[in-house]
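For reference, the structure is listed below as structure tokens.
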Amino acid sequence: MLDLRYVVEHLDDVRAALGRRGEAAKQSLGPIAALAERRSNVMGRLQALREEKNEANAAMAKLDKQGDEFKARRESLKRISDESKQLEAEEREVQTALETALLLVPNLPAPGIPDGQSADDNREVRQHGVKPALSFKPKEHVDLGVALGILDFDRGAKLSGARFSVLKGAGAQLERALMMFMLDLHTRQHGYTEIWPPALVNDESLRGTGQLPKFAGDLFRIAPDWQDGIAPADKPDAPRRELYLIPTAEVPLTNLHRDEILEGETLPIKYTAYTPCFRSEAGSYGKDTRGLIRQHQFDKVELVRFERAEHAEAALEELTGHAEEVLKRLGLHYRVMELCAGDLGNGSKRCYDLEVWLPGQDAYREISSCSWFGDFQARRARIRYREKQGDKPQLVHTLNGSGLAIGRTLVAILEQYQQADGSVCVPTALVPYMGGLEVIQ
RNA sequence: GGAGAGGUGACCGAGCGGUCGAAGGUGCACGAUUGGAAAUCGUGUGUGCCUGAAAGGGUACCAAGGGUUCGAAUCCCUUCCUCUCCGCCA
């Protein structure tokens with residue numbers, strides 16, 4: 001969420017910055033300026049009225065409750081009271097409209113990032129390693145995995161439907177090995193604290209990180225007390241209490257400090273967590289329907305950081321490096337892309353995608369996305385810090401990145417480490433986590 | 001799922017419907033005292049919004065929302081959360 005005051009005072013700058021994302025982002029500002037003016041008008045009148053009311057009420061306290069003056073003043077106060085109730089209702093209405101509008105406005109892209117409309121305009125920052133020189137025609141991970149008996153898409157579909165899969169034997173073991181390997185690296189080498197959070201969260205948490213209200217369609221939702229949108233019979237007035245399956249560990253990790261004022265000396269705070277992630281993938285029909293690339297449920301190790309504003313951009317470089325280190329140690333070839341303004345995620349100011357090479361697809365595919373959010377999430381979630389006692393609290397900057405998506409890492413290993421006979425070598429770094437297994441065949 | 005008890009400031013804990021942003025204590029900060037510390041004494045110590053150059057002033061917030069009232073932390077309703085006991089269960 002943007003700072004309302006900043007938006008109102010720098011309307012042209014904000015409009016221009018949002019315009020870099022595209023027309024829709026610019027349009028999202030909509031009636032905000034007009035609403036803000038109405039709000040300050042209403043608040044002004046309300047304050048004046050309240051002052052009058054408070055003064056009069058204080059006088060009432062001292063009067064004889066039986067006296068005529070008390071009765072007379074009570075009558076006139078009644079009118080002021082009614083009027084202020086009306087104004088309060090109006091204030092609430094404007095405030096709600098304003099917040100609703102503001103929650104839909106994307107973050108301002110950082111000035112230095114490339115211009116562009118789509119992924120085609122993203123800028124390659126660097127590459128690591130080279131494409132493996134295969135002396136045969138590389139297979140896709142689906143064909144390799146099914147033939148090896150470690151991936152089972154048919155039974156995944158039987159259990160749950162399209163975009164679900166089953167890992168078996170060395171496949172399941174590889175998933176677990178990757179999780180352990182990544183967590184060990186980030187906690188022991190990179191200084192992150194390991195967290196094991198809930199996978200179901202409330203709507204307030206999703207609002208904090210920005211998935212709600214704008215992207216509800218991408219989430220799996222559960223309403224435990226309700227069935228088919230109907231309240232339980234014995235509690236007709238019960239509000240709709242809802243929980244959502246997390247789309248990423250970013251949500252619980254960032255919201256750990258929602259509504260908190262942190263002490264400056266605790267910064268930076270660095271968390272990592274393995275969680276399953278759930279995405280409805282609405283609107284992606286026909287995309288990546290084969291294989292593990294786009295699933296409704298997948299595993300991921302996430303990195304989340306809380307930083308002082310002045311260290312945030314350096315922290316993004318560091319965090320990206322931490323995600324890259326996973327790929328380096330696994331010996332996987334990849335490239336780093338800086339996203340252009342038009343391809344940037346809703347809440348982020350600057351973002352690097354790590355794209356791993358998939359020989360079977362003859363393409364680079366996103367395996368990690370590392371973002372700097374500025375104070376966008378912190379303002380929504382009210383995450384602040386105080387440098388030292390007596391200072392004014394200020395918003396932290398939040399960052400996060402995949403470190404990495406485990407399923408896609410497994411895909412990359414299958415495809416980059418495949419051999420002519422269809423077997424797959426286990427990257428050296430993972431062998432200890434695989435009980436010494438060196439080749440899957 | 002059944003029965004009960006609660007949710008007040010960093011924490012503990014008071015609070016007859018008006019003088020309560022809220023007693024008291026702890027913690028913390030600063031000052032005094034000390035060779036230094038402990039102890040002691042003094043002062044200060046929430047957040048948002050509006051306003052002001054600043055000092056300050058105004059206003060809202062006592063889980064959340066609604067209601068009663070001229071006036072609500074205090075009364076009523078709803079919801080959420082926490083704790084204890086029982087049952088069920090990984």
Side-chain angles (χ1 to χ4, degrees), chain A residues 1-9 32 35-100 102 196 198-208 222-226 231-244 255 257-266 276 375 378-396:
Chain A
M1 189 163 65
L2 301 179
D3 179 23
L4 176 62
R5 205 164 167 157
Y6 181 85
V7 172
V8 170
E9 288 171 7
I32 284 177
L35 279 170
E37 198 178 328
R38 197 176 142 212
R39 171 173 167 266
S40 81
N41 176 287
V42 172
M43 277 181 73
R45 283 191 289 155
L46 187 59
Q47 280 226 8
L49 198 62
R50 271 179 179 152
E51 249 171 85
E52 186 185 350
K53 192 178 96 172
N54 286 346
E55 246 172 73
N57 272 329
M60 290 288 279
K62 297 194 180 98
L63 286 177
D64 173 16
K65 306 289 185 288
Q66 309 303 323
D68 290 339
E69 193 186 347
F70 183 89
K71 283 175 189 157
R73 294 184 72 152
R74 191 169 62 186
E75 286 309 307
S76 73
L77 267 179
K78 176 85 173 151
R79 280 197 303 278
I80 295 181
S81 177
D82 288 345
E83 196 183 332
S84 81
K85 265 176 196 163
Q86 270 184 13
L87 267 180
E88 271 166 25
E90 193 178 341
E91 191 211 4
R92 265 200 303 276
E93 183 197 317
V94 179
Q95 188 75 31
T96 307
L98 206 47
E99 264 164 34
T100 305
L102 215 49
W196 199 285
L200 284 167
V201 297
N202 56 32
D203 58 341
E204 188 58 32
S205 295
L206 286 154
R207 225 184 327 276
I222 291 169
D225 292 347
W226 286 51
D234 56 326
K235 286 184 188 171
D237 296 332
R240 185 169 183 145
R241 185 167 61 99
E242 293 170 321
L243 292 171
Y244 297 79
N255 279 282
H257 295 299
R258 172 154 52 82
D259 285 311
E260 291 186 14
I261 300 175
L262 306 163
E263 289 182 34
E265 60 193 29
T266 64
D375 58 17
R379 186 172 293 106
R380 287 170 164 253
R382 298 167 299 277
I383 307 169
R384 293 169 294 177
Y385 77 101
R386 200 182 337 249
E387 196 51 69
K388 58 179 194 301
Q389 178 146 18
D391 285 0
K392 256 183 83 93
Q394 30 187 340
L395 294 166
V396 301

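When reading the values below, keep in mind they use all heavy atoms of this one structure, side chains included, and skip hydrogens, waters and symmetry mates. Quantities reported herein were computed from a predicted structural model and do not represent experimental measurements. Chain naming here is simple, since letters A, B, ... match the order of the sequence lines and numbering starts at 1 in each.
Contact between Leu35(A) and Val94(A) at its shortest, heavy atoms only, is O-CG1, 3.6 Å.
Where RNA chain B pairs in unbroken runs of 3 or more (Watson-Crick or G-U, both distances under 3.5 Å), the stems are B:1-7 with B:80-86, B:10-12 with B:24-26, B:27-32 with B:40-45, B:46-51 with B:56-61, B:63-67 with B:75-79.
For Asn57(A), the side chain to side chain donor-acceptor pair (under 3.5 Å) criterion is met by no residue, not counting sequence neighbours. Checked against side chain to side chain donor-acceptor pair (under 3.5 Å), Arg39(A) has the following partners two or more places apart in sequence or in another chain: Gln95(A). Checked against side chain to side chain contact (heavy atoms under 4.5 Å, CB included), Glu52(A) has the following partners two or more places apart in sequence or in another chain: Leu49(A), Ile80(A). Every residue two or more places apart in sequence or in another chain was checked for a side chain to side chain donor-acceptor pair (under 3.5 Å) with Arg384(A), and none qualifies. Contacts of Phe70(A) classified as ring-ring contact (aromatic ring centres under 6.0 Å, His included), with partners at least two apart in sequence or in another chain: none. In this structure Leu102(A) satisfies the side chain to side chain contact (heavy atoms under 4.5 Å, CB included) test together with Met1(A), Leu4(A), Ile32(A), sequence neighbours excluded.
Of the inter-residue distances, the one linking Glu88(A) atom CD with Ser81(A) atom OG reads 8.5 Å to the nearest 0.5 angstrom. Here CG of Leu200(A) is found 11.0 Å from OG of Ser205(A). Values are rounded to the nearest 0.5 Å.
Between Glu75(A) and Lys78(A) there is no salt bridge, since no side-chain N of the basic residue sits under 4.0 Å from a carboxylate O of the acidic one. A salt bridge does not link Arg45(A) with Glu83(A): none of the charged nitrogens is closer than 4.0 Å to a carboxylate oxygen.
For the pair Asn54(A) and G18(B), the criterion of a side-chain N or O lying under 4.0 Å from OP1 or OP2 is not met.
For Glu88(A) and C49(B), the CD to C1' distance is 15 Å, given to the nearest whole Å.
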Show the distances under 3.5 angstrom between N or O atoms of the protein and N or O atoms of nucleotides 61-64 of chain B.
none

Distances for protein N or O near nucleotides 43-48 of chain B N or O, under 3.5 Å:
unit_1 : atom_1 : unit_2    : atom_2 : d
U47(B) : OP1    : Arg386(A) : NH1    : 2.5
U47(B) : O3'    : Arg384(A) : NH1    : 3.0
G48(B) : OP1    : Arg384(A) : NH1    : 3.3

Show me the protein contacts with nucleotides 50-55 of chain B, counting only N or O atoms at under 3.5 Å.
unit_1 : atom_1 : unit_2  : atom_2 : d
C50(B) : OP2    : Arg5(A) : NH1    : 2.9

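Contact of the Glu263(A) side chain with the Tyr385(A) side chain is not registered, since no non-hydrogen atoms from C-beta on lie closer than 4.5 Å. When side chains are defined from C-beta on, Asn255(A) does not count as touching Val201(A), because their heavy atoms never get closer than 4.5 Å.
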What does nucleotides 65-72 of chain B look like as a protein-contact string, B for base, S for sugar-phosphate only, - for none, at under 4.0 angstrom between heavy atoms? -S--BBS-
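Residues from residues 201-208 of chain A placing a heavy atom under 4.0 Å of any atom in RNA chain B do not occur.
Remark: the separation of the C1' atoms in A22(B) and A60(B) is 15 Å, to the nearest Å.
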